[in-house]
There are 2 protein chains.
Amino acid sequence: MNLEEKQQRLAQFAQAHRENGLPVTMQRRAVFESVLEREDHPSADEVYAAVRAELPEISRMTVYRILGNLVALGLLNKICHPGSVARFDPKIYQHHHLVCLDCGGIIDLEEERLNKVAWPDVRRFGFEIADYHIHFRGRCAACRQAAKKSRKPPTKRKQTS
Amino acid sequence: MNLEEKQQRLAQFAQAHRENGLPVTMQRRAVFESVLEREDHPSADEVYAAVRAELPEISRMTVYRILGNLVALGLLNKICHPGSVARFDPKIYQHHHLVCLDCGGIIDLEEERLNKVAWPDVRRFGFEIADYHIHFRGRCAACRQAAKKSRKPPTKRKQTS
DNA sequence: AGCTACTTGCAAAAATGTATCATCTGAGAT
DNA sequence: ATCTCAGATGATACATTTTTGCAAGTAGCT
């Protein structure tokens, strides 16, 4: 993320807090900046670990609460993936994901064409659509390589990205 | 799921196990049948609870392991959702989901048109796409109703479906 | 029936997320 | 600059979900 974009996101952050009467604490700023600086999709605990480098006193609970707030304010996205831990994404504009079925890794996919899918008619469910994103599932480069060497599936790795 | 379809899925289940040298235990059959019979998207613990009606002795651990196996064999899907527990889906053909941002509920969406999105070129990532599915995020009927009555967001419910 | 590899169940613990409450702090008012 | 208070924070404890290691059991084959 370039400097200009980051400035803009921080201004958006300050404004959203002002408008909702929420104080901008150093913890909130540290958590938000920490996620902004990342190119991957960290879990809450990964954010906690990163923020502690700057604020060693911060509590894990606070990080969980702040991440929840930031998502509610629309400043971060909570992303969907087949794993079992919540992951957070600094990108709040529409984009899509490649999800590896072996290691659970997630790669961002930004392609204008994919943003043009017409929304289905879901009036029969009473559902109101806000946005959508597409998950392409398959196998990442590393896992394809690993699968080629051994017939057996690759050893399960910690999910990354 | 009608009877014929169920027969076919059970045959597929037996064949996949034979081909991979995995014994078909009564626990495996019970877990698979239990998920097949459902119309919703149960979590591992919900499957555990349901299977115990038939096999009271089965351990929670076994259910977790078997669900993982069935997903690896392609007999079940593990679905993506913003909540914090893994959920399983008996439908392995392509379909899409409506996900409620408030309560986390999931509704199946089967619409032929949505299956026709052209796959992006991801050679630059070395990624091999197997399939895709679309998440439409928004608000379900119940949560819209609840939001209308009070300005505040609805009380957090246990995620269903 | 017997062999063998794989599975199961148990116990324990790690990982992840939530609740409670006393104390502290940001931000506007004075 | 200081005051004041609603709201945030941090500590602890707890609930839930998932993983690990190993002894005992069982499916599938000969």
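Letters A, B, ... mirror the listed sequences (proteins, then strands); counts begin at 1. Quick caveat: nothing in here was measured; it's all calculated off a predicted structure.
Look at CD on A/Glu19: it is 15 Å from P on C/dA27, rounded to the nearest Å. Rounded to an integer number of Å, the gap from NE2 of A/His17 to P of D/dG7 is 14 Å. The nearest whole Å value for the distance from the CG atom in A/Leu67 to the C1' atom in C/dT18 is 15 Å. Distance CD1 (B/Ile66) to C1' (C/dC6): 12 Å, rounded to an integer number of Å. In this structure, A/Lys78 places its NZ atom 11 Å from C1' of C/dT16, rounding to the nearest Å. D/dA6 atom P lies 16 Å from atom CZ of A/Arg28, rounded to whole Å. The separation between A/Tyr48 atom OH and D/dT9 atom C1' is 13 Å, rounded to whole Å. We find that CD of B/Gln15 is positioned 15 Å from P of D/dG28, with the value rounded to whole Å.
Close placement of the B/His133 and A/His135 rings is indicated, their centers lying within 6.0 Å of each other. Between B/His97 and B/His41, the ring center distance clears the sub-6.0 Å criterion.
Distances were taken from every side-chain heavy atom of B/Ser59 (C-beta onward) to each of C/dT16, D/dG10, C/dC10; the shortest belongs to C/dC10. Side chain of A/Pro23, nearest nucleotide from C/dT8, C/dA27, D/dT17: C/dA27. Listed nucleotides: D/dG28, C/dT20, C/dA27. Nearest to the side chain of A/Met61: C/dT20. Among the nucleotides C/dT7, D/dT18, D/dG10, the one closest to any side-chain atom of B/Tyr64 is D/dT18. Each of C/dT16, C/dG17, D/dT17 was ranked by its minimum atom distance to the side chain of A/Asp45; first place goes to C/dT16. In the set C/dT16, C/dT7, D/dG10, the nucleotide with an atom closest to the side chain of A/Val85 is C/dT16. Checking C/dG26, D/dG28, D/dG10 against every side-chain atom of A/Ile58, the shortest atom distance belongs to D/dG10.
Judged by closest nucleotide on DNA chain C, B/Glu57 is the one of A/Arg60 and B/Glu57 placed further toward the 5' end.
Here A/Lys116 pairs with A/Glu112 in a salt bridge; the nearest charged N to carboxylate O distance falls below 4.0 Å. A salt bridge between A/Asp89 and A/Lys91 is absent, with no side-chain N of the basic residue lying under 4.0 Å from a carboxylate O of the acidic one.
Panel note: side chain B/Asp121, backbone B/Arg123; a donor-acceptor pair is recorded below 3.5 Å.
Look at A/Gln27 and you'll find a side-chain N or O under 4.0 angstrom from OP1 or OP2 of D/dG10. Contact annotation: A/Thr25 does not reach the phosphate of C/dT25 (side-chain N/O to OP1 or OP2, under 4.0 Å).
For C/dG17, its base never sits under 3.5 Å from the side chain of A/Arg65 at any donor and acceptor pair.
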